[in-house]
Amino acid sequence: MDGVLSLNRKLFKHHWPPFLNKTPFTTHAHFVDKSLLQPLSSLQCGAILQSLTNIKWLTKGQQLHAYIIVSGNIQNNTYLTTKLAAFYANCGHMTDAQVIFDGIVLKNSFLWNFMIRGYACNGLPVKALVLYQQMSCFGQKADKFTYPFVIKACGDFLNVEMGRRIHGEAVHSGFDSDIYVANSLLAMYSKFGDMWTARMVFDRMPVRDITSWNTMISGYVKNGKPKEALTIFYLMKQTGSSSDGMTLVGLLCTCADLAALKQGKEIHGYVIRNRYALCMDFLMNPLIEVYFKCNSMVYVRRLFEKMAWKDTVSWNSMISGYARNNYAFESLSLFCRMIQEGAKPDQVTFISVLVACDQITALQFGMSVHSYLVKNGFGATTVVATALIDMYAKCGNLACARRVFCETPEKNLICWSVMISGYGIHGMGREAVSLFHEMIKNNIIPDEGVLTSVLSACSHTGLVAEGKEIFYTVTKDYDVEPVLAHYSCMVDLLGRAGHLDEAYKLIQTMEINPSSDIWAAFLNACRLHRNVEMAEISAQNFFDMNAKQVGGYICLSNIYAAEKRWDDVERVRTLMREKGLTKPPGCSFVEFDKMVHQFLVGDKSHPQIEDIYAKLRQLNHLLKEVGYKPDTSSVLYNVDEETKENMLWDHSERLAIAFVLINTGPNTIIRITKNLRVCRDCHTVIKLISKITCREIIMRDIRRFHHFRDGFCSCGDYW
DNA sequence: CTAGGGTTAG
């Protein structure tokens with residue numbers, strides 16, 4: 001490889017005409033100063049063009065193109081025009097390549113292949129396939145160079161039917177025994193998700209090389225079959241085939257999938273020991289993934305800090321890894337460091353950052369990311385727009401979410417889905433339902449994901465009839481298999497609306513086995529409608545499933561506490577402890593002055609804590625004057641009323657609200673986020689605070705948003 | 001002129 005490259009460079013230098021070293025011309029003929037020209041033969045031009053093609057030096061090639069035009073060499077010179085088309089195709093400038101290609105009458109197979117390759121390797125598989133069909137119309141036969149590119153195009157375009165046909169043609173013409181053709185077939189079937197056929201092609205290959213083995217390993221990994229990937233690796237070792245860096249990439253992805261920390265570390269050690277023989281840069285990024293999937297935050301950080309060479313993907317892996325593992329603060333601070341250190345963020349970076357913003361409701365941060373995107377010309381692609389819509393919706397700014405949604409010209413299924421669930425979590429079920437119908441009118445075929453979004457929107461608003469209708473028509477008309485998430489939404493919808501019997505009947509008649517989530521949803525409905533008898537049935541089912549969600553346990557203890565059955569409360573608690581489950585402490589976030597402030601329940605660590613408690617005492621006093629009576633039913637301890645009442649005033653959301661009230665002017669909207677469900681008493685208190693302080697309070701709890709204004713909440717006390 | 005890599009929203 002190195003030899004080839006240096007040879008080309010030499011050739012390059014030798015033939016280099018002086019005018020090319022002048023100012024870089026960006027466009028063609030009229031920029032060339034004719035006095036500087038020294039005559040070059042078309043053979044010389046062709047040789048230079050060849051080297052420029054190999055190293056993809058676009059600007060120099062364009063200058064040479066200009067020279068060729070000016071010097072009159074281009075007329076009727078198929079030799080040069082073919083090379084020019086190949087040059088543009090190799091640089092990915094397919095429009096230029098196509099213009100030249102169209103002007104060539106005698107097209108040889110070299111030219112066809114280069115054009116097909118150009119389209120296939122530059123994200124235009126459909127054009128590659130069209131060209132391939134034209135090629136056979138022109139009577140030009142496909143050869144062993146043509147097949148790898150058309151097969152790649154079929155794989156990228158996911159055109160299974162055409163892929164199979166071309167495979168057949170290759171077999172018919174005998175080119176399938178060519179190792180490049182066979183390897184492309186392996187990659188194509190992997191992309192189709194058809195590992196069975198890939199394996200069949202692989203098993204029938206007369207000879208295999210490292211690429212064949214590596215393609216099979218990564219194919220299995222991409223299709224969620226890490227165990228089969230390992231089998232191929234062992235087979236590879238047995239046959240004595242050597243492996244390379246790419247093999248290790250495949251193995252690392254396998255380790256990540258299986259959360260195999262030990263094996264991942266072994267490979268890490270191997271890479272370090274062989275760092276001079278391997279190209280390490282590739283391997284560090286998949287290693288980051290392994291450590292993240294194994295929840296090894298310490299290893300991941302140590303590895304990252306030691307990496308001398310970090311590219312955009314390294315930063316992205318870290319930022320998205322932290323975000324996926326709920327380390328939003330680390331994710332955002334790493335993003336800031338990335339910008340400071342001058343690394344170049346891309347689309348993936350922004351999507352990951354916006355996900356981190358969702359988690360801690362960092363609206364201001366998310367907005368500044370949005371403006372960074374606009375300023376730096378990252379034209380909002382649908383993916384980025386979708387992440388923005390989700391961020392705005394989850395950070396409580398539905399108006400901005402709607403605006404980005406409307407300004408996105410090409411909305412895909414996920415884009416609609418995000419907006420629908422955005423309406424849902426803000427309690428705007430009717431808007432969600434009508435958007436869902438609008439989506440269908442726009443010929444978007446619903447899938448199970450968007451069905452979950454719209455059903456959950458119905459359940460937040462109690463739209464029983466609408467939810468039922470959508471559930472039954474979508475699963476029937478669009479061939480969507482109902483999954484647990486849908487039943488969960490339906491049980492929640494029916495149960496919370498008070499149709500406990502119907503919800504129970506649905507659980508009993510559903511076609512898949514109910515999960516613990518479903519029993520938890522039913523349990524919650526029983527709590528709301530204070531049906532202890534039904535609650536105990538669902539609790540029994542919930543416990544039988546050996547469930548790990550704390551929510552169900554807390555819900556049941558709440559039910560017992562409300563009935564003052566303290567022995568039962570204690571029994572549930574013990575059960576929780578035995579399972580090693582703990583109730584996470586209540587925690588609220590608030591973004592203020594470019595910082596996210598975090599308050600735990602009963603937190604005394606904040607610098608302004610004395611002022612905060614003073615404010616809360618004052619509020620308590622004011623609230624009592626307007627008739628507030630504390631509802632201590634959600635306190636799960638059997639203690640006297642006064643202690644219970646004091647415990648309520650320790651709740652994290654109150655601390656956060658008091659903090660904002662102290663530090664902001666009268667018209668500022670208060671935005672807070674809580675990690676658990678808001679308790680009934682806090683809900684009442686916040687409604688009253690919004691009234692007596694004339695403040696709008698927007699609160700996100702674990703399930704949805706509550707917009708408090710003038711003593712009322714947007715959820716209509718239905719949550 | 002040929003094939004295989006890592007990060008991605010509900």
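Each chain gets a letter, A, B and so on, in the order the sequences are listed, and its residues count up from 1. As the structure is a prediction and not an experimental result, all values here were calculated from the model.
A:Phe192 meets the ring pair (Phe, Tyr, Trp, His ring centres under 6.0 Å) test with A:Tyr189; sequence neighbours excluded. In this view, A:Pro125 and A:Ala153, A:Asp156, A:Phe157 satisfy the side-chain contact (heavy atoms from CB on, under 4.5 Å) rule, not counting sequence neighbours. The side-chain contact (heavy atoms from CB on, under 4.5 Å) test applied to A:Thr461 returns A:Leu463, not counting sequence neighbours. Scanning for side-chain contact (heavy atoms from CB on, under 4.5 Å) contacts around A:Cys255 gives A:Ala260, A:Gln263, A:Ile267, A:Val290, with sequence neighbours left out. Judged as a side-chain contact (heavy atoms from CB on, under 4.5 Å), and not counting sequence neighbours, the contacts of A:Lys265 are A:Leu261, A:Tyr291, A:Tyr299.
A:Thr215 comes within 4.0 angstrom of the backbone, heavy atoms only, and of no base. Note on A:Lys83: nothing from the nucleic acid sits closer than 4.0 angstrom, heavy atoms only. Residue A:Asn214 is in base contact, counting any heavy-atom pair closer than 4.0 Å across all strands shown. Using a 4.0 Å heavy-atom cutoff across all strands shown, A:Ala187 reaches sugar-phosphate atoms only and no base atom.
In summary, contact between chain A and DNA chain B, defined as any nucleotide atom under 4.0 Å from a heavy atom of the protein, begins and ends at B:dC1 to B:dG10 in the 5' to 3' direction.
Only A:Asp311, A:Val313, A:Asn316, A:Ser317, A:Ser320, A:Arg324, listed by number, bring a heavy atom of residues 307-325 of chain A to less than 4.0 angstrom from any atom of DNA chain B.
With respect to the salt-bridge test (charged N to carboxylate O, under 4.0 angstrom), the residues A:Lys222 and A:Asp257 do not qualify.
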Tabulate below the donor-acceptor pairs under 3.5 Å that side-chain atoms of residues 353-363 of chain A make, not counting sequence neighbours, or state none.
{"residue": "A:Gln359", "atom": "NE2", "partner": "A:Ala323", "partner atom": "O", "Å": "2.6"}
{"residue": "A:Thr361", "atom": "OG1", "partner": "A:Thr673", "partner atom": "OG1", "Å": "2.2"}

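For residues 302-312 of chain A, the set of pairs meeting the salt bridge (Lys or Arg N to Asp or Glu O under 4.0 Å) definition, not counting sequence neighbours, comprises A:Arg301-A:Glu305, A:Glu305-A:Arg337.
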